[in-house]
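Okay, so here's the structure we're looking at.
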Amino acid sequence: MSAAPHSASFARRALAVTAASALGTTLLLTLPAQAATEPGYVSQAQSAAALPPVAVDAFGRTTTGGWGSATTGGAWTTTGGTATDFSVAGGVAAMKVRGAGWHLGAQLAGASTSEAEVQAQVGLDKLPSAGSVDLDVTGRAVDASKGYKLRTKVMADGSVRLSLVAAGATTTTIASQTTTGLRLAPGGQLEVRLQVTGTSPTALQAKAWPVGTAEPAAWNLAVSDSTTGLQVPGGLALSTYTSGSATNVPITSRFSDVWVGTAPAEAVAPGVMASTAEAYGPTELTTGTPVGTRLTVHQGNLTLSTPGQVVSGLDVRGFVRVTAPNVTIKNSIIRGAATSTQTALITNTTVGASVKVVDTELYNSAPGPWVDGLRGSNFTLTRVNVHDVIDMAHVYGDNVVIEDSYLHDNLHYEVDPAQNNTPSHDDSIQIQKGTNIKITGNRIEGAFNTGIQFTQDQGIVSNVTVDQNYLDGGGCTINLAEKGKGPFQGITITNNTFGRTTKHYNCAIISPTTTKPVTANNYFVDGVVATVRKG
């Protein structure tokens, strides 16, 4: 049994620890006041001054006989084939090319600019049996056929050749490169990025990389061009061409997550966070035990049973159980210990008990599959750093607030004895039952199963707000599962930014068709609208 490796190592806040001492359950250590550190999340309101995107389409709809209208940029118009060759479903826009030597295209003529930053994902349902298939993204489409194109030419063996093409009165390849190691698998997708800026000359830059991997720093292609007729603003076009030697048609091309903004791309699109890691929300530097805090070691487990009790400045080498109302734990570390019993670093399940955890670090110092971060109800986490546990927070009831906190680096086991030796079901937050739950201003990432898992295994879940968070990881990052107890009521998911490491492509939020969460201003980090997938 071994845990999955962490995605990163973290420099913990500096700590000063005194000698171990035996302590009672009522503790109050006076410490200098700490100035609250605001998280670095760039909210929708803060980003309002940035230039809006020209076109955005995550294809979060189902259409046949065309592609419908983009979220931003107007209606798609199509060329070639018949209307039934174009469809949208499951976050993917498809072109079904039914013949060798065919050309199909779709255009957003209204998304016009002469300073285009274009990003999209492109792929095929299968590779051509011979010859090649061209997947073209046109960043300055003067009309359905003319413009500056980034051509991704996919060969029968999956190898890829990238080209920048000037399609004017004649078509000229102005730069080309076969990138070593860049391949497209059947059903896979590549992320492509194209910049088309300036006129007479026009500067062109392009790159491509596999979806789910880091964007390369360098451009694959960079060149300038002054082709007559192309030194004017243009819209966006996507197209597919099958070579005449392809014998296994039909071949379906797939386009996803289309975004067109104004280049250069320093301006942050609405809903998108700034490029530095700090701007993605709280980090280990803005959460957990404040730098310079003097800690007193408490060996063993700790029960907090006095109403109104305040515990501050402790390094607990064990587990904490709260059994009284209005308890506060602050400026501390809860480390846990080796165990083979299902438990949590902090447990608050006693009727009438409540706890606020502030500026504290929770992690399992003896890693294993049995320990969660916090379990229960009637709790508030503020600027808390939780890591190296299975579930960061397991909610069993009402009145829960998780704010300005950093939940990351879940433990995951492929053979987990707590799950009958099947893989761990690690979630950043799992909500089993409860109402009046608020999850705001956090950075939540690193779970294998789900970032926020809504279930009703223990009872009805309702009135949950998920707002202004950075969220990533899981199969889908937010998963709503009704579990036979009917639709969720009062679920609001707004103003969040989603990462791109989900196991299921383009799946920020998944929900049954019978549950209708309120959603608005949710974006992926690349500016694409994060929609609700039905499932």
Side-chain polar contacts of residues 159-169 - donor-acceptor pairs under 3.5 angstrom, sequence neighbours left out - could you list them?
| unit_1 | atom_1 | unit_2 | atom_2 | d |
| --- | --- | --- | --- | --- |
| Ser159 | OG | Asp157 | OD1 | 2.7 |
| Arg161 | NE | Ser176 | OG | 2.8 |
| Arg161 | NH1 | Thr178 | OG1 | 2.4 |
| Arg161 | NH2 | Ser176 | OG | 3.2 |
| Ser163 | OG | Ser176 | OG | 2.9 |

Quiz prompt | side-chain hydrogen bond (donor to acceptor under 3.5 Å, both in side chains) between Thr64 and Ser87, worked out | solution = CA-CA 4 Å; Thr64 56; Ser87 61; over 6 Å; no
Self-check item: Phe255/Thr240 under side-chain contact (heavy atoms from CB on, under 4.5 Å): CA gap, chis, key distance, verdict
Solution: CA-CA 10 Å; Phe255 299 90; Thr240 309; 3.8 Å; yes
Practice problem: Using the side-chain contact (heavy atoms from CB on, under 4.5 Å) rule, take Leu230 and Thr202 through it: C-alpha gap first, then chi angles, then the decisive distance, then the call. | Solution: CA-CA 9 Å; Leu230 302 184; Thr202 296; over 6 Å; no
Quiz item: Checking ring pair (Phe, Tyr, Trp, His ring centres under 6.0 Å) for the pair Trp67/Phe59: CA distance, chi angles, key distance, verdict?
Solution: CA-CA 8 Å; Trp67 282 5; Phe59 301 106; 5.7 Å; yes
Quiz prompt | Chi angles and distances behind the side-chain contact (heavy atoms from CB on, under 4.5 Å) call for Glu445, Tyr406 | solution = CA-CA 8 Å; Glu445 60 186 349; Tyr406 186 24; 3.2 Å; yes
Exercise. Would you check, one step at a time, whether the test side-chain contact (heavy atoms from CB on, under 4.5 Å) holds for Ile429 with Leu407?
Key: CA-CA 9 Å; Ile429 300 171; Leu407 283 58; 3.8 Å; yes
Exercise. For salt bridge (charged side-chain N to carboxylate O under 4.0 Å, His left out), just list the numbers for Asp85 and Lys96, CA-CA rounded to whole Å, side-chain angles, deciding distance to a tenth of an Å, and then say yes or no.
Key: CA-CA 5 Å; Asp85 295 324; Lys96 186 175 183 179; over 6 Å; no
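Salt bridge status for Arg151 with Asp136: present, with a side-chain N to carboxylate O gap under 4.0 Å.
Taking the ring centre of Phe448 as origin, the terminal cationic atom of Lys503 falls inside the region bounded by 6.0 Å and 45° from the ring axis.
Using a 4.5 Å cut-off on side-chain heavy atoms (C-beta onward), Asp526 and Phe524 make contact. Residues Val395 and Ile437 are in side-chain contact: their nearest non-hydrogen atoms beyond the backbone lie under 4.5 Å apart.
A side-chain contact (heavy atoms from CB on, under 4.5 Å) with Ile444 is found for one member of Val386, Leu471, Val466 and no other, namely Leu471.
Annotation: disulfide bond (SG atoms under 2.5 Å apart) contacts involving residues 505-535, sequence neighbours excluded, comprise Cys476-Cys507. Sorted by first then second residue, the salt bridge (Lys or Arg N to Asp or Glu O under 4.0 Å) pairs that include residues 213-241, not counting sequence neighbours, are Arg193-Glu215, Lys207-Glu215.
A donor-acceptor distance shorter than 3.5 angstrom exists from the side chain of Thr113 to the backbone of Glu115, with no hydrogens or angles considered. The main-chain N or O of Ala208 is found under 3.5 Å from a side-chain atom of Asn220 such that the two form a donor-acceptor pair. Panel note: side chain Asp391, backbone Ala393; no donor-acceptor pair is recorded below 3.5 Å. Formation of a donor-acceptor pair under 3.5 Å by the Thr450 side chain with backbone atoms of Ile452 is not found in this model. Side-chain atoms of Thr63 come within 3.5 Å of backbone atoms of Gly66 as a donor-acceptor pair (strictly under, hydrogens ignored). Proximity of a side-chain donor or acceptor of Asn410 to a complementary backbone N or O of Ile390 within less than 3.5 Å is detected. No donor-acceptor pair under 3.5 Å is formed between the side chain of Ser424 and the backbone N or O of His412. Looking at Lys126, its side chain does come within 3.5 Å of a backbone N or O of Pro250 through a donor-acceptor pair. With hydrogens and angles disregarded, no donor-acceptor distance shorter than 3.5 Å links the side chain of Thr497 to the backbone of Asn469. The backbone N or O of Thr252 sits less than 3.5 Å from a side-chain atom of Asp125, completing a donor-acceptor pair.
In the model, Ser256 has a side-chain atom that pairs as donor or acceptor with a side-chain atom of Gln189 under 3.5 Å. Judged purely by distance below 3.5 Å, without hydrogens or angles, the side chains of Arg533 and Asn506 never pair a donor atom with an acceptor atom. A donor-acceptor pair shorter than 3.5 Å can be found between the side chains of Trp76 and Asp57. If you check the side chains of Asn521 and Thr494, you find no donor sitting under 3.5 Å from an acceptor.
In terms of the salt bridge (charged side-chain N to carboxylate O under 4.0 Å, His left out) criterion, Asp426 has no residue partners (sequence neighbours excluded). In this view, Asp467 satisfies the salt bridge (charged side-chain N to carboxylate O under 4.0 Å, His left out) rule with no residue, not counting sequence neighbours. With sequence neighbours left out, Arg254 forms a salt bridge (charged side-chain N to carboxylate O under 4.0 Å, His left out) with no residue at all.
Between the CG atom in Asn495 and the CD atom in Gln468 there is a gap of 5.5 Å [rounded to 0.5 Å]. Here the straight-line distance linking atom CD of Glu284 with atom CG of Asp409 works out to 9.5 Å at 0.5 Å rounding.
The aromatic rings of His387 and Tyr363 sit parallel, their planes meeting at an angle under 30°, below the 60° perpendicular limit.
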